[in-house]
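Below: the structure, in structure tokens.
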Amino acid sequence: MKRVYLRVTATSSLAIRSDHAEGGVKTTQYIPGATLLGSLAASHRMLRPEQEDEFVKLFLNEQVHFPHLYPAGFNEGSLRTSDLPGSNLPVMPIPKTARTCKRFPGFQLVPGEEAEEERHGVRDSLLDWAIFSLLDNEQSAIAPLLSPFSSHDTCTYQQGKDSDVRCNQVMDHVGGFYRESNHQRMKAKADTRLQTRTGINREWGVVEESILYNRQVFDENTCFRGDVLLPDELTDTFKNFVEEATKEDVIRVGTGRTRGLGCVQLDVRDAQESKAADFADRLCTFDAAMRKQAQEAGVRQLDPFYFAITLQSPTILCDAFLRYQKTIDLASLPELSGLCASYTFQRVYQSVGIQRITGWNELWGMPRPNDYALEMGSTLLFACKQQPQNNDLIQALRTLEEMGIGRRRSEGFGRISISDPFHLEREQA
Ligand SMILES: [Zn+2]
């Protein structure tokens, strides 16, 4: 499989409705993979109606995995581009375990960045919760049990470099999307606004009395980004098609397309290849950090290996009877079931939400059946009861991360990250 990234720039306002309920005008915060797939499929029908084989390969065989496109606009006005060589860096949802100051929320300013308000940084609470869970299993006393959370009650940001005065405001959860470069994270901006329109009288062609509606839209020039996964032999075909469709300006995304909404320009480039050694390093670093903190907190019994799974997109998991799953059961994943003879896994902690997935099938012109998914940003921590031998577990986890898990992966569902470094940095710059 090859990985290319798409950068999508809106050249008109963009309306992505999050449901098809009567009067539902709320916009989702990103462009779903199914919407992207449908838009490109419609463009293909227009540009190359005779090339049915190509159409089948790109859009029907589920060989090409289209991404959810996340907002990729950042507060870069005040930065020189050399400071953050980031326009091609991945954008990811902020994990559910992230916490920030309620009064001054957000990642701390990166050097050179100017903002209207101060921001007190983001802390991650995954390891603290994991340690709480481990201590709880050992039936520790209440005081040591709760000690990991002291830094999550109130903001520890220090006003000024030398002073000891702390902010001490309440901490809150933080949502949205972020990008990381050199351990500096920035939150993506997705500016939406309400567009108000009047109804038109069909007989007279003038404004109809008492019909006034509004819709929430993304502003013009909003950027989005996502990685497409596709077989090597389809890469050139896909790139050529996207380039042609962008040149001909036929790609329309979202609703209100007959009213001038949804014009986009796509830029397709090769994404950076991930290296096996980097992946193994990341897992070891996470495991070591988890182990160190647990020992310091007084956990007596530690398992040989720990890793975390963070959902980069909503993930639809079903069991053999097609019942929706509310958590990740590693033994039921086909990629790992081969290893379950030699390894046993235990879920130490999870922070998981469930959401309903609705949508419209552009190809069929029909609503899609509803699905239930684990929300993006959900985070789970697992312990492995055996020391991983000769790399087989690491290799299997890497395959999971590369290929994703669960159903409807061709529509951007089921992207995951394993032992994400986000969870290790307690005070995030
Ligand atoms: Zn604060």
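For ligands, and for the atoms within them, numbers begin at 1 and follow the listed sequence. Since the structure is predicted, the reported quantities are computational estimates derived from the model, not experimental observations.
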Next on the checklist: For Arg193, is there an ion pair with Asp219 - N to carboxylate O distance below 4.0 angstrom?
Outcome noted: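 Judged by the 4.0 Å cut-off on N to carboxylate O distance, Asp219 and Arg193 do form a salt bridge.
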Next on the checklist: Strictly below 4.0 Å, N to O, side chains only: are Glu411 and Arg368 in salt-bridge contact?
Outcome noted: yes
Checklist entry - Under 2.8 Å from the Zn ion (ligand 1), how many protein N/O/S atoms can be counted? => result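 Near the Zn ion (ligand 1), the number of protein N, O or S atoms below 2.8 Å is 4.
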Of all residues at least two apart in sequence or in a different chain, which pass the salt bridge (charged side-chain N to carboxylate O under 4.0 Å, His left out) check with [X]?
X: Asp249; result: Arg252
X: Asp172; result: none
X: Lys187; result: none

Checklist entry - Quick one: is the NZ or CZ of Arg7 closer than 6.0 Å to the six-membered ring centre of Phe224, and within 45° of its axis? => result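 No, Arg7 and Phe224 do not form such a contact.
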